[in-house]
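Order of the sequence lines fixes the chain letters, A, B, ..., with proteins taken first and strands second; residue numbering starts at 1 for each chain.
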Protein chains: 2
Amino acid sequence: MPSNPYHQLKQFISAAMPVDDEQLNIFCKKFRHKTTKRNEILLQAGDIAPYIYFVNSGCLRVFMLDVNGKESTRFLVTEGRFGTAFPSFNLQEPSLAAIQSIEPSDILYISHHDFNALLDTFPGWEHVYRISLEKDYIASIKRIESLITMDAKQRYQLLMETSPTLIQRLPSKIIADYLGISQETLSRLKSKR
Amino acid sequence: MPSNPYHQLKQFISAAMPVDDEQLNIFCKKFRHKTTKRNEILLQAGDIAPYIYFVNSGCLRVFMLDVNGKESTRFLVTEGRFGTAFPSFNLQEPSLAAIQSIEPSDILYISHHDFNALLDTFPGWEHVYRISLEKDYIASIKRIESLITMDAKQRYQLLMETSPTLIQRLPSKIIADYLGISQETLSRLKSKR
DNA sequence: GTAAATTATTGACATTTGTCAATAAACCGC
DNA sequence: GCGGTTTATTGACAAATGTCAATAATTTAC
């Protein structure tokens, strides 16, 4: 692991656009760095998401909690990706979802205000962000497709194909509610192969 | 209905950014205009989506067809909105989904090449498109939420609240597979109130 | 306007998935 | 390493939803 917490963010940017070191440093200066404990809550449901996060290592989980205490995982954000409770962060309105760091994590974060300022002032960043949004949007479309066209077993198999490492590293409880099924159903799927 | 087929697109743009008439005309010139018949297929599954559409009137449906002939509606695109088989259009790879105009429709369309050229050359357009992407992404996140946290009845009630006109104007068969449930289940939900 | 086609409804039943409960296994923090 | 907590598995059953089939209602194309 590189000692510089901005190393991966710089890679993310420079992979997407030509940019010199000085510019990169200006860009990164807007992000703050922190480490989190396992299961640390970064955003409570009902609060307005102040930050978007970039994950250096570990994993963030964006999830909802219904009145019966049932949890549903909306998104999982792993190394080298941006993530937040997007509707809340984007619209600056109270979040239906909470965010927790499901593993001890090393993350960067930037406020909504600074993020928007970067979009307005940093040449090329809006373009890179737009491309990144397109990718995230496509991923969410594929998730919708899997939810409306596949049963539990097919969705699990798909996840095994596309994200086998997620399945290995996360408790199957989390995988189950990411798939929108109960823990017991997932357990049965796994045993019945 | 305005006689100029670009009227609504101009409104879409000028509502989102300051732009003069001459620029608007340059912008719109990249779009072609056509009308479609009810149930006309605009894109076959397996083809690469060449166009993104702007709907003046009518409704486009982006849907998938599984091996058993079961259809699933991924998105519905109504008046004043952009839409296409997004993953295919964006990545220029074969589409899992087909597009049909579910009602006789009046639409504009632009090729992937021209669309990207506009992003590169038309000042402010990438910004407007980015904002529009954020909205679409948020809508898709909300759809994912509803699919993983709600049962069929709750999803139907949500759709009644958020898009009552859609329910009125489209056959309930379409509504059912948009919700990811069978036509029969939807029919029972409606009768059991 | 009418015939043909499509869509909607309803019943009976099958299947999938969820819920609750009990136990076993794994894991975590110290 | 150990004790306590969380997570996973399994069974029994309930609830939700899907499938198939028959019929009714609606809509469309001409």
Side-chain angles (χ1 to χ4, degrees), chain A residues 35-41 58-59 61 63-73 76 100-105 146-160 166-193, chain B residues 36-41 58-59 61 63-73 100-105 146-160 166-193:
Chain A
T35 56
T36 66
K37 285 180 260 181
R38 188 181 123 86
N39 291 338
E40 181 171 333
I41 296 290
C59 180
R61 172 185 176 230
F63 69 102
M64 284 164 303
L65 191 63
D66 75 13
V67 285
N68 307 318
K70 199 192 122 192
E71 295 186 354
S72 301
T73 296
L76 295 167
Q100 99 189 128
S101 74
I102 215 175
E103 299 172 344
S105 301
S146 74
L147 289 167
I148 60 179
T149 65
M150 296 176 165
D151 64 19
K153 186 191 293 184
Q154 293 171 316
R155 297 207 294 277
Y156 178 63
Q157 286 171 339
L158 178 64
L159 191 64
M160 280 203 298
L166 266 194
I167 293 182
Q168 286 164 8
R169 80 193 254 193
L170 298 182
S172 60
K173 175 192 174 135
I174 305 286
I175 300 296
D177 60 52
Y178 179 73
L179 292 171
I181 63 181
S182 71
Q183 194 180 159
E184 294 93 333
T185 295
L186 178 57
S187 174
R188 290 180 176 114
L189 290 180
K190 289 198 286 191
S191 64
K192 270 186 289 183
R193 41 156 277 99
Chain B
T36 66
K37 285 180 260 182
R38 188 182 121 85
N39 291 337
E40 182 171 332
I41 296 289
C59 180
R61 172 185 177 231
F63 68 103
M64 285 163 303
L65 191 63
D66 74 15
V67 285
N68 306 318
K70 201 193 121 193
E71 295 186 353
S72 301
T73 296
Q100 105 191 120
S101 74
I102 214 173
E103 299 172 344
S105 300
S146 74
L147 290 167
I148 59 179
T149 64
M150 295 177 166
D151 64 20
K153 186 190 293 183
Q154 292 171 317
R155 297 207 294 276
Y156 178 64
Q157 286 172 339
L158 179 64
L159 191 64
M160 280 203 298
L166 266 194
I167 293 183
Q168 286 165 9
R169 80 194 254 194
L170 299 182
S172 60
K173 175 192 175 140
I174 306 286
I175 301 294
D177 60 53
Y178 180 73
L179 292 172
I181 62 181
S182 72
Q183 196 179 158
E184 294 93 331
T185 295
L186 178 56
S187 174
R188 290 181 176 113
L189 289 180
K190 288 198 286 192
S191 64
K192 270 184 291 183
R193 44 154 274 100

Point-to-point distance, once rounded to the nearest 0.5 Å, from [atom1] of [X] to [atom2] of [Y]:
{"X": "A/K190", "Y": "A/S172", "atom1": "NZ", "atom2": "OG", "value": "3.5 Å"}
{"X": "A/E40", "Y": "A/S105", "atom1": "CD", "atom2": "OG", "value": "9.0 Å"}
{"X": "B/Q100", "Y": "B/I41", "atom1": "CD", "atom2": "CD1", "value": "5.0 Å"}
{"X": "B/N39", "Y": "B/I102", "atom1": "CG", "atom2": "CD1", "value": "7.0 Å"}
{"X": "B/S146", "Y": "B/L159", "atom1": "OG", "atom2": "CG", "value": "9.0 Å"}

Outermost nucleotides of DNA chain D that come under 4.0 Å of a non-hydrogen atom of chain A: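 Nucleotide range in contact with chain A: D/dT7 to D/dA12.
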
Interatomic distance, A/K37 NZ vs C/dC30 P [rounded to whole Å]: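 Value for this atom pair: 9 Å.
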
I'd like a table of atom pairs between the protein and nucleotides 27-29 of chain C - only N or O on both sides, under 3.5 Å - with the distance next to each one.
none

A/E184: salt bridge (charged side-chain N to carboxylate O under 4.0 Å, His left out) partners, not counting sequence neighbours: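 Once residues adjacent in sequence are excluded, A/E184 has no partner under the salt bridge (charged side-chain N to carboxylate O under 4.0 Å, His left out) criterion.
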
Residues touching DNA chain C, which here means a heavy atom under 4.0 Å, drawn from residues 166-177 of chain B: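 Nucleic-acid contacts, sorted: B/P171, B/S172, B/K173.
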
Sugar-phosphate, base or nothing in reach of B/I181, heavy atoms under 4.0 Å: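 Sugar-phosphate contact only - B/I181 comes under 4.0 Å of backbone atoms but never of a base.
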
Taking side chain to side chain contact (heavy atoms under 4.5 Å, CB included) as the test, write out the residues that go with [X], two or more places apart.
{"X": "B/D151", "result": "B/K153, B/Q154"}
{"X": "A/T149", "result": "B/M64, B/S72"}
{"X": "B/T73", "result": "B/R61, B/F63, B/L76, B/I174, B/D177, B/Y178"}

Results of side-chain hydrogen bond (donor to acceptor under 3.5 Å, both in side chains) for [X] - residues two or more places apart only:
{"X": "B/T185", "answer": "B/S182"}
{"X": "A/R169", "answer": "A/E79, A/E103"}
{"X": "B/S101", "answer": "B/T36"}

Phosphate contact (C/dG18 OP1 or OP2) by A/T185 side-chain N/O below 4.0 Å: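 Indeed, a polar side-chain atom of A/T185 lies that close.
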
Over all atoms of both residues, closest heavy-atom pair of A/I148 and B/K70: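 Where A/I148 meets B/K70 most closely, the heavy atoms are O-NZ, 4.0 Å.
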
Difference in axis direction between the ends of the helix from C/dG1-D/dC30 to C/dC30-D/dG1, five pairs, 10°: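 Answer rounded to 10°: the end axes differ by 80°.
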
Side chain to side chain contact (heavy atoms under 4.5 Å, CB included) assessment of A/M150 paired with A/L158: CA-CA 9 Å; A/M150 296 176 165; A/L158 178 64; 4.0 Å; yes

Please produce a list of atom pairs where a protein N or O lies less than 3.5 Å from an N or O of nucleotides 14-16 of chain C.
none

Trace of the side chain to side chain contact (heavy atoms under 4.5 Å, CB included) decision for B/I181 with B/R155: CA-CA 10 Å; B/I181 62 181; B/R155 297 207 294 276; 3.4 Å; yes

